[in-house]
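These notes are about the structure you will find just below.
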Amino acid sequence: MAASSCFPLAARCSFLLMGALVLALSYGAQGHGGAGVGLSSSFYDDSCPGVHDIVRRVIQRARVVDARIPASLIRLHFHDCFVQGCDGSLLLDNDLPAIMTEKEVPANDRSARGFEVVDDIKRALENACPGIVSCADILALASEISVKMAGGPRWSVPLGRRDGTTTNIESANNLPSPFDSLETIQEKFRNLGLDDTDLVALQGAHTFGRAQCQFTQQNCSAGQDEETLVNLDTVTPDVFDNKYYGNLLRGHAPLPSDQVMLSDDHAVTTTAPIVHRFSVSQKDFFKNFATSMVKMGNLSPLTGRAGEIRNNCRRVNKKAY
């Protein structure tokens with residue numbers, strides 16, 4: 001998460017960096033790396049230089065047909081990273097008995113979406129540079145591009161993740177819920193090394209997109225289907241801005257887990273001051289959102305020889321014998 005800096009004392013600094021690199025490569029080869037170990041925004045510069053443009057074009061086409069796609073893609077990245085790190089495990093379909101999909105846990109079932117767009121991105125990348133770009137990196141890139149397309153901040157996305165070959169249903173069942181108390185949400189974020197600023201900033205992704213009415217504070221109207229969609233931001237539902245925080249201040253956040261960041265007694269000294277800050281400064285929100293997205297995207301990536309580069313994001317590669 002944090003970047004290292006070297007000041008003059010070049011020989012000593014060079015020695016320390018060399019040692020750190022050896023350790024990082026060794027650890028990354030064995031399994032889930034630490035916070036962003038082995039990741040770099042220039043990772044595909046030589047092996048797939050057009051990766052950003054390819055991902056952008058596919059999302060742009062999908063967005064014309066479905067305005068919800070940018071918000072849906074960033075949610076996939078969030079729900080992937082919060083379960084055993086950013087390894088693309090959420091994208092795997094059932095392949096019993098080896099793989100039980102995370103798509104059917106309560107937090108994802110009939111609500112996580114955008115998988116077909118990820119498939120389209122993967123196909124386009126496989127045509128351009130076969131076997132190079134991981135599905136986990138597709139989610140990270142798609143999130144940044146989606147936010148930028150909707151008017152939000154841009155950031156440099158660390159790349160080089162590899163894809164996992166397992167899912168984790170127990171962890172997926174513990175994803176943050178729209179009905180969690182503030183203390184429960186804070187604990188879930190803290191367990192991943194994310195603090196209150198990260199929490200308030202990342203919840204700000206609810207400034208665009210939709211939710212099913214069954215998950216909202218008002219619930220569904222009489223006779224309304226529980227999957228009826230409600231705008232998360234009633235003012236600018238398809239624009240990434242800071243109006244979400246103004247909605248919180250007026251008590252108009254549809255999701256209970258959003259409103260508790262202001263209304264809960266525990267919020268007064270923790271999340272509420274941050275909500276107020278972001279409500280008056282979109283620049284402050286954008287800066288912190290970008291920082292927190294990088295921090296979240298660096299959760300336990302697979303690097304080096306760990307994992308694989310899936311040929312199809314929905315399936316683990318078949319091993320050749």
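Small disclaimer: the values here were computed from a predicted structure and weren't measured.
Checking Thr197 against Asn288 by side-chain atom types alone, no donor-acceptor pair falls below 3.5 Å. Using a 3.5 Å distance cut-off with no hydrogens or angles, the side chains of Ser134 and Arg161 do not pair a donor with an acceptor.
The side chain to side chain contact (heavy atoms under 4.5 Å, CB included) search around Ser181 returns Glu183, Thr184, not counting sequence neighbours. For Arg57, there are no side-chain hydrogen bond (donor to acceptor under 3.5 Å, both in side chains) partners at least two apart in sequence or on another chain. The side-chain hydrogen bond (donor to acceptor under 3.5 Å, both in side chains) test applied to Lys103 returns Asp93, not counting sequence neighbours. A search for side chain to side chain contact (heavy atoms under 4.5 Å, CB included) contacts involving Glu187 returns Arg190, Asn191, not counting sequence neighbours. The side chain to side chain contact (heavy atoms under 4.5 Å, CB included) search around Thr165 returns Glu308, Val316, not counting sequence neighbours.
For the residue pair Val83 and Ala172, the shortest heavy atom distance occurs at CG2-CA, 3.6 Å. The heavy-atom pair separating Leu182 from His266 by the smallest distance is CD2-C, 4.1 Å.
A salt bridge (Lys or Arg N to Asp or Glu O under 4.0 Å) check over residues 163-178, counting only residues at least two apart or in different chains, returns nothing. Under the salt bridge (Lys or Arg N to Asp or Glu O under 4.0 Å) criterion, the residue pairs touching residues 198-221 are Asp198-Lys295, Arg210-Asp238, with sequence neighbours excluded. The side-chain hydrogen bond (donor to acceptor under 3.5 Å, both in side chains) contacts involving residues 43-54 comprise Tyr44-Asp137, Asp53-Arg56, where partners must be two or more places apart or lie in separate chains. Among residues at least two apart or in separate chains, there is no ring pair (Phe, Tyr, Trp, His ring centres under 6.0 Å) pair with a member in residues 209-231. Within the structure, the salt bridge (Lys or Arg N to Asp or Glu O under 4.0 Å) test picks out the following pairs touching residues 276-287 (sequence neighbours left out): Arg277-Asp284.
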What pairs of donor and acceptor atoms, side-chain ones from residues 141-155 against any protein atom, are under 3.5 angstrom apart with sequence neighbours left out?
unit_1: Ser143; atom_1: OG; unit_2: Leu139; atom_2: O; d: 2.9
unit_1: Glu144; atom_1: OE2; unit_2: Trp155; atom_2: N; d: 3.2
unit_1: Ser146; atom_1: OG; unit_2: Ala142; atom_2: O; d: 2.7

Which pairs would a plain distance check flag for residues 122-130, meaning a side-chain donor or acceptor within less than 3.5 Å of a matching protein atom at least two apart in sequence or in another chain?
unit_1: Lys122; atom_1: NZ; unit_2: Glu126; atom_2: OE2; d: 3.0
unit_1: Lys122; atom_1: NZ; unit_2: Val133; atom_2: O; d: 2.8
unit_1: Lys122; atom_1: NZ; unit_2: Arg310; atom_2: O; d: 2.7
unit_1: Arg123; atom_1: NH2; unit_2: Asp120; atom_2: OD1; d: 2.4
unit_1: Glu126; atom_1: OE1; unit_2: Gly131; atom_2: N; d: 3.1
unit_1: Glu126; atom_1: OE2; unit_2: Gly131; atom_2: N; d: 3.3
unit_1: Asn127; atom_1: ND2; unit_2: Arg123; atom_2: O; d: 3.3

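Ring centroid separation for the pair Phe240 and Phe289 comes in under the 6.0 Å cut-off. Checked against the 6.0 Å centroid threshold, Phe189 and Phe82 count as a close aromatic pair.
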